*Asks:* 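Pasting a structure below so you can have a look.
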Amino acid sequence: MTANSGEERFVLGLDVGTQSLRAALVDFQGKTRAFGVSAIETTYPRPTWAEQQPASWWDGARKAVRDALQIGGVKPEQVVGVGLDCTACTVVACDDDGKPARPALLWMDQRSFREAEEIGATGDPILRYVSGRVSPEWMLPKALWLKRNEPETYRASPRIVECTDWMMHRLTGEWMLSLNHVAVKWNYARPDGGWPVALMKQVGLDDLLGKWPARIVPLGKGDSRLSESAAVELGLKGGIPVAQGGIDAYLGMLGLGATRDGDVAVIVGSSTCHLAQSREGVFGSGAAGCYPDATVEGLYTIEAGQTATGSILDWYRRHFAGNERLEAERRGVHVYQVLDELASAVPPGSDGLVVRDDWQGNRSPFKNPQARGAVVGLSLAHGPGHIFRAIYEATTMGTRHILEDASAHGLNVERIFLGGGGAKSALWLQIHADILKKPIHLARESEACALGSAMAAAVAAGVYSDFDEAAREMVAIERVVEPNPANAAVYDDLFERYVELYRRLNG
């Protein structure tokens, strides 16, 4: 597809994150013309529970898309395709028109940990794709929790789907499932025949299949079009292609250009997700799983992750950074700039502080939803900068632990590509390079998830033939952060104490 009448064309990437929805207008060379952002509120009814209102996603899309068009000076007819990424396994119970029966269970919600343990205890062969254990974040445990604890909601809801499915329905008027989501979070495996029917029957979820749309579409594929009603609400032109959506981090991997053997994408946002592609399965590690056909058909995607990373920083900002917020207001800068300055003045190792980053449990490599965070080693000499730096170091130690564990089971780690909101902190980037002892590759566009969605839109619109071509044309590595060898010994010692602290806290 080429531009007509000399008018530039764009694709739209919709990135539905935990804290905000971002709408990115991106040109065919991968440069972002404009961003629109709308906040999304999360509520926490009980410890480890987390919910969102689905209406806030669509309200956010309407605002963010219109803002991006206005900021970028882009006309609706200049937008030729839409791509979508959303948080993974944010579960929605709704009617056939998409009206929710209750707030959505956010991906980080851990209430179904007992159901997850029960599903894992079946020992079903399909569980080899998830290292033998099921996370309470995933579809089956959450659906089972709903059936047992809110039976009327479960019975009366003809659809139990994810945020991506719900948003695709709002965009297109059609119900369909994303192969990306079901392969990663719903225990669907093509090599084993698809749905885990025997497992679902064993735990009493044999009726759940009837609540799922029958059509499964691979990531970025499909022939869906933006409905006229959705176009009016978003301020776009109806009938343009809408690429099948997927998990935010998986689109982020594409947006970072981490597509070769030895490449690992580290997507740092409210949580951190680690993704790598492989022609062969990597089984037996503490990774969340090894998923066939999840991103590119015919390949496995190895995924691991940390449930809380950026959200811990946000927790600290909200509850303990009052003085830093006032200083930021006085100087006219963001509060994170002030916090980073304080943390930068603290030496590597944070003068003995050790933090466990398990605020919302441990997703990888221990798969323990009941693990909890800790700050150990405090003295009167420590201040806000020490604690903030120690959180940076702990979350990065979690990434190191995950990669070392996966490498011991056969994963080849050569190049690390980092994206997401965490890429905005120069200090956090350097800490990643130092602790991981690897160069950190940074794409020109730090909002990798939104770019990945825009790439999917470009493929759906016929601008590029596939993701490989889109990556060659739209992804550019802007710089590389090299590790500082002088910090290696300090961080090796801290890593040992970090791992040992988990064992002491969890028996």
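Values below: all heavy atoms of this structure, side chains included; hydrogens, waters and symmetry mates excluded. Computed from a predicted model, the values in this text were never measured in an experiment.
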*Asks:* Without swapping roles, check the side chain of R400 against the backbone of I435 for a donor-acceptor pair under 3.5 Å.
*Replies:* yes

*Asks:* Side chains of D15 and D85, heavy atoms from C-beta outward: is any pair under 4.5 Å?
*Replies:* yes

*Asks:* Among residues two or more places apart or on two chains, list those pairs meeting salt bridge (charged side-chain N to carboxylate O under 4.0 Å, His left out) that have a residue in residues 415-425.
*Replies:* D263-R415, K424-E447

*Asks:* Main chain of A308, side chain of S311: is a donor-acceptor contact present, judged purely on distance under 3.5 Å?
*Replies:* no

*Asks:* For the backbone of V74 and the side chain of Q78, can you confirm whether one donor and one acceptor N or O come within less than 3.5 Å of each other?
*Replies:* no

*Asks:* If you count heavy atoms of other groups shown closer than 6.0 angstrom to CD of Q70, is the number above 12?
*Replies:* no

*Asks:* Closer than 3.5 angstrom, by distance alone: can the side chain of R170 be matched with the main-chain N or O of W58 as a donor-acceptor pair?
*Replies:* no

*Asks:* Taking C-beta and beyond as the side chain, do R479 and L429 meet within less than 4.5 Å on heavy atoms?
*Replies:* yes

*Asks:* Does R46 CZ have over 12 foreign heavy atoms under 6.0 Å away?
*Replies:* no

*Asks:* Is it the case that the side chains of Q19 and T42 hold a donor-acceptor pair, with the cut-off being a distance below 3.5 Å and no angle test?
*Replies:* no

*Asks:* With rounding to the nearest 0.5 angstrom, report the CZ to CD1 distance, R33 to I71.
*Replies:* 12.0 Å

*Asks:* So L105 and L146, do their side chains get closer than 4.5 Å, heavy atoms only?
*Replies:* yes

*Asks:* Under a 4.0 Å N-O cut-off, is there an ion pair linking E115 with K147?
*Replies:* no

*Asks:* I need the T90 OG1 to E51 CD distance, nearest 0.5 Å.
*Replies:* 11.0 Å

*Asks:* Looking only at atom types and distance, does a side-chain atom of W166 sit under 3.5 Å from a main-chain N or O of V161, one as donor and one as acceptor?
*Replies:* no

*Asks:* Rounded at 0.5 Å granularity, tell me how far CD in E137 sits from CG in L106.
*Replies:* 9.0 Å

*Asks:* Do the non-hydrogen side-chain atoms of Y336 and D314 ever get within less than 4.5 Å of each other?
*Replies:* yes

*Asks:* What I'd like to find out is whether the side chain of V282 reaches to under 4.5 Å of the side chain of Y300, using heavy atoms alone.
*Replies:* no

*Asks:* Can you label the angle between the W428 ring and the H432 ring as parallel, tilted or perpendicular, going by 30° and 60°?
*Replies:* tilted

*Asks:* Do T18 and I40 have side chains that get closer than 4.5 Å, going by heavy atoms?
*Replies:* no

*Asks:* Looking only at non-hydrogen atoms, find the nearest pair between A288 and W138 and report the distance.
*Replies:* O-CH2, 3.4 Å

*Asks:* For the CD atom on Q29, are there more than 12 heavy atoms of other groups (residues, nucleotides or ligands in this structure) within a distance under 6.0 Å?
*Replies:* yes

*Asks:* May I ask you to decide whether D165 forms a salt bridge with K211, counting only side-chain N to carboxylate O separations under 4.0 Å?
*Replies:* no

*Asks:* Can you see which heavy atom on G305 is nearest to which on I402, and at what distance?
*Replies:* O-CD1, 3.8 Å

*Asks:* Report the C-alpha separation of D466 and V296 in whole Å, then their side-chain angles, then the decisive distance to 0.1 Å, and conclude whether the side-chain contact (heavy atoms from CB on, under 4.5 Å) test is met.
*Replies:* CA-CA 10 Å; D466 55 29; V296 178; over 6 Å; no

*Asks:* Would you say the side-chain atoms of H441 pair up with the backbone N or O of I416, donor to acceptor, closer than 3.5 Å?
*Replies:* yes

*Asks:* Identify the heavy atoms of L179 and Y188 that sit nearest to each other, and give their distance.
*Replies:* CD1-CE2, 3.7 Å

*Asks:* Side-chain contact, heavy-atom cut-off 4.5 Å: L84 with V242?
*Replies:* no

*Asks:* I'd like to check the ring pair (Phe, Tyr, Trp, His ring centres under 6.0 Å) partners of W212; sequence neighbours left out, ordered by chain and number.
*Replies:* W186, W195

*Asks:* For a quick test of reading the model, state the closest non-hydrogen atom pair linking I267 to A249 and the distance between them.
*Replies:* CG1-O, 3.8 Å

*Asks:* Nearest 0.5 Å, what's the CD-CG distance between E233 and L226?
*Replies:* 10.0 Å

*Asks:* Under a 4.0 Å N-O cut-off, is there an ion pair linking D59 with K63?
*Replies:* no

*Asks:* What are the two closest heavy atoms between L208 and L140, and how far apart are they?
*Replies:* CD2-CD2, 3.9 Å

*Asks:* Counting only heavy atoms not in R215, do more than 12 sit closer than 6.0 Å to its CZ atom?
*Replies:* yes

*Asks:* Among V37, V16, L14, which residue satisfies the side chain to side chain contact (heavy atoms under 4.5 Å, CB included) criterion with R22?
*Replies:* V37

*Asks:* Test your reading of the model: is there a side-chain donor-acceptor pair from N180 to the backbone of A294, 3.5 Å cut-off?
*Replies:* yes

*Asks:* Ignoring hydrogens, what is the shortest heavy-atom contact between A23 and A68? Give both atom names and the distance.
*Replies:* O-CB, 3.8 Å

*Asks:* With side-chain hydrogen bond (donor to acceptor under 3.5 Å, both in side chains) as the criterion, how do D357 and T395 come out once you've worked through the C-alpha distance, each side chain's angles and the decisive distance to 0.1 Å?
*Replies:* CA-CA 6 Å; D357 51 317; T395 52; 6.0 Å; no

*Asks:* Okay, side chain of Q337, backbone of H334: is any donor-acceptor separation there less than 3.5 Å?
*Replies:* no

*Asks:* With the side chain counted from C-beta on, respond yes when Q306 and H274 share a heavy-atom pair under 4.5 Å apart, and no when they do not.
*Replies:* yes

*Asks:* Taking atom OG of S135 and atom NZ of K142, what is their separation to the nearest 0.5 Å?
*Replies:* 7.5 Å

*Asks:* Going through the checks in order, is the side-chain hydrogen bond (donor to acceptor under 3.5 Å, both in side chains) test met by T309 and T272?
*Replies:* CA-CA 6 Å; T309 52; T272 293; 2.9 Å; yes

*Asks:* Show your working on side-chain contact (heavy atoms from CB on, under 4.5 Å) between C86 and W57 and close with a plain yes or no.
*Replies:* CA-CA 10 Å; C86 300; W57 308 330; over 6 Å; no

*Asks:* Taking it one step at a time, do Q52 and T87 satisfy side-chain hydrogen bond (donor to acceptor under 3.5 Å, both in side chains)?
*Replies:* CA-CA 11 Å; Q52 290 183 346; T87 57; 5.6 Å; no

*Asks:* Salt-bridge test for K99 and D97: reply yes if a basic N is under 4.0 Å from a carboxylate O, no otherwise.
*Replies:* no

*Asks:* Has Q110 got a side-chain atom pairing as donor or acceptor with M108's backbone, closer than 3.5 angstrom?
*Replies:* yes

*Asks:* To the closest 0.5 Å, what do you measure between CG (L209) and CD1 (I160)?
*Replies:* 11.5 Å

*Asks:* Under a 4.0 Å N-O cut-off, is there an ion pair linking K185 with E162?
*Replies:* no

*Asks:* Do we see a donor-acceptor contact under 3.5 Å between the side chains of T301 and T295?
*Replies:* yes

*Asks:* Can you list the steps and then say if Q244 with M168 is a side-chain contact (heavy atoms from CB on, under 4.5 Å)?
*Replies:* CA-CA 8 Å; Q244 173 58 57; M168 286 293 292; 3.9 Å; yes

*Asks:* Decide side-chain contact (heavy atoms from CB on, under 4.5 Å) for K31 and R444; before the verdict, give the C-alpha distance in whole Å, the side-chain angles of both, and the deciding distance to 0.1 Å.
*Replies:* CA-CA 8 Å; K31 296 180 180 178; R444 177 184 58 208; 3.8 Å; yes

*Asks:* Between S131 (side chain) and A287 (backbone), is there a donor-acceptor pair under 3.5 Å?
*Replies:* yes

